[in-house]
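Computed from a predicted structure; not experimentally measured. Naming convention: chains lettered A, B, ... in sequence-line order (proteins, then strands); numbering from 1 in each chain.
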Amino acid sequence: MPELPEVEEAMQRLRAAVEGRTIAKVSTHHASHERQLPAASARRLRQQKIVRVERRGKHQLLHLENGSTLHAHFRMNGDWLMSRTDQPLDKFTRASIDLTDGSRIELHDSRALSSIKLHAKGENPLPKLGIEANDASLDADHLRAALSKKRGPIKPTLMDQAVIAGLGNIYAAEALWRAKISPRAISSSISPARLAKLAEAIHWVIENENRAPGRYTDTENRDRFEVYDREGLPCSRCGTKIKRIPQAGRSTYFCPKCQRS
DNA sequence: CGTATCCTGACC
DNA sequence: GGTCAGGATACG
């Protein structure tokens, strides 16, 4: 559940389900979530009204009436599952929020890498985040300022949430393909003209590359992408075989011919 | 900067 | 059995 449009959509479903309502009980159902939200913290959430739900990058914040904040992040697989308190929990539910009206929100995450934590009033629950990936003011000038001091390759830099909040592995690769920039290009050395293309490409990808339901590698999704998960398949612009390389521990897909440094 | 780590499931 | 997976972080 990682790329920005899906987190935005999930946050809106969460908002519709919980804003203005009151928590009856929060429970964890996996050792790592129990560590993040121990029973004593969960207890503090009881009878708290959820006054506002907010998204920043891929982070979701539930602001509570007493000023504390419940912070959730899906990481690789997470999603919200809406159910009722009288129903059995799903096998992959790692935490659940029961509301006083009998509705329940389940943090559903087979891989259990998601996180849910309580932050006291006055504590900032968020790490340093850059401009929102879908912010209209993300343009060539903004990118030039943000990238001018970055000496590393552009693809990992684009995924650095402190540079651009909300851009993930797939969209970073797709945007670079559209802008004809090599993922290995040094961030600070990219020309202003290319940065303008890149800003445009980031917005285009977020608006247009929404997946069909299911996994990203399902066939109906695979065909939605130009490079992601298309190793060995022909580039739609030049026919060259798409290459896959590791970068910062992740797979990067690109066209070695039309994406130059 | 890259790498290892957190986890489980799917797929070869 | 090994490898890979949409993310982020702590570390060297």
Ion pair check, A:R13 and A:E9, cut-off under 4.0 Å
yes
Identified stems (criterion: three or more consecutive Watson-Crick or G-U pairs, under 3.5 Å), DNA chain C
B:1-6 with C:7-12, B:8-12 with C:1-5
Pairs under 3.5 angstrom, nitrogen or oxygen only, protein versus nucleotides 10-12 of chain C, please.
none

Parallel, tilted or perpendicular for A:Y228 and A:Y253, by the 30°/60° rule?
perpendicular
Using the C1' atom in both, what is the distance from B:dC1 to C:dA5, to the nearest Å?
23 Å
Just how far, in rounded Å, is P of C:dA8 from CG of A:L158?
13 Å
To the nearest Å, how far apart are A:I170 CD1 and C:dA5 C1'?
10 Å
Separation of A:R184 atom CZ from B:dC1 atom P, in whole Å?
16 Å
Going by atom types only, do A:R104 and A:S96 share a side-chain donor-acceptor pair under 3.5 Å?
no
Rounded to whole Å, please give me the gap between CE in A:M76 and C1' in B:dC7.
10 Å
Is there any protein nitrogen or oxygen under 3.5 Å from a nitrogen or oxygen in nucleotides 2-5 of chain B, and what are the pairs?
none

Protein-nucleotides 9-12 of chain B N/O pairs closer than 3.5 Å?
from	atom 1	to	atom 2	distance (Å)
B:dC11	OP1	A:R215	NH2	3.1

Distance-only polar pair, side chains of A:H71 and A:S115, donor-acceptor under 3.5 Å
no
Only one of A:Q12, A:H73, A:R55 passes side chain to side chain contact (heavy atoms under 4.5 Å, CB included) with A:V7; say which it is.
A:R55
Considering the options A:I97, A:D79, A:D98, A:D90, which one meets the side chain to side chain contact (heavy atoms under 4.5 Å, CB included) requirement together with A:E106?
A:D90
Qualifying residues under salt bridge (Lys or Arg N to Asp or Glu O under 4.0 Å), relative to A:R260, sequence neighbours excluded:
none
For B:dT8, take OP1 and OP2 only and decide whether either is under 4.0 Å from a side-chain N or O of A:H30.
yes
Can you check the A:R75 CZ to C:dA8 P distance for me, whole Å?
7 Å
OP1 or OP2 of C:dA5 under 4.0 Å from side-chain N/O of A:Y253
yes
What's the NE2-C1' distance between A:H29 and B:dT8, to the nearest Å?
18 Å
If you measure only the distance, is there a donor-acceptor pair under 3.5 Å linking the side chains of A:K155 and A:T252?
yes
Roughly how many Å is it from CG in A:L129 to C1' in C:dT9, rounded to a whole number?
13 Å
Reckon A:S187 touches a base, only the sugar-phosphate, or nothing at all at heavy-atom distances under 4.0 Å?
nothing
Determine whether A:E209 and A:W204 make a side-chain contact, defined as any pair of heavy atoms from C-beta on separated by less than 4.5 Å.
yes
Are A:R151 and A:S188 close enough that some pair of their side-chain heavy atoms sits under 4.5 Å apart?
yes
Taking any heavy-atom pair under 4.0 Å as a contact, classify A:R250: base, sugar-phosphate, or nothing.
base
Would you indicate whether the side-chain heavy atoms of A:V205 and A:L167 approach each other to under 4.5 Å?
no
Over all strands shown, is A:L113 touching base, sugar-phosphate only, or nothing at heavy-atom distances under 4.0 angstrom?
base
Taking atom CG of A:L113 and atom CE of A:M76, what is their separation to the nearest 0.5 Å?
6.5 Å
Measuring from the side chain of A:R244 (C-beta onward, heavy atoms only), which nucleotide among B:dC1, C:dA5, C:dG7 has the closest atom?
C:dA5
Answer yes or no: is there an ion pair linking A:R56 with A:E132, defined by an N-O contact shorter than 4.0 Å?
yes
Between A:R75 and A:D109, is there a salt bridge with N-O shorter than 4.0 Å?
no
OP1 or OP2 of B:dC7 under 4.0 Å from side-chain N/O of A:S114
no
Whole-Å distance separating the NE2 atom of A:H33 from the P atom of B:dC6
15 Å
Students should find that the hydrophobic cluster of A:I245, defined by side-chain heavy atoms under 4.5 Å apart, otherwise consists of A:F254
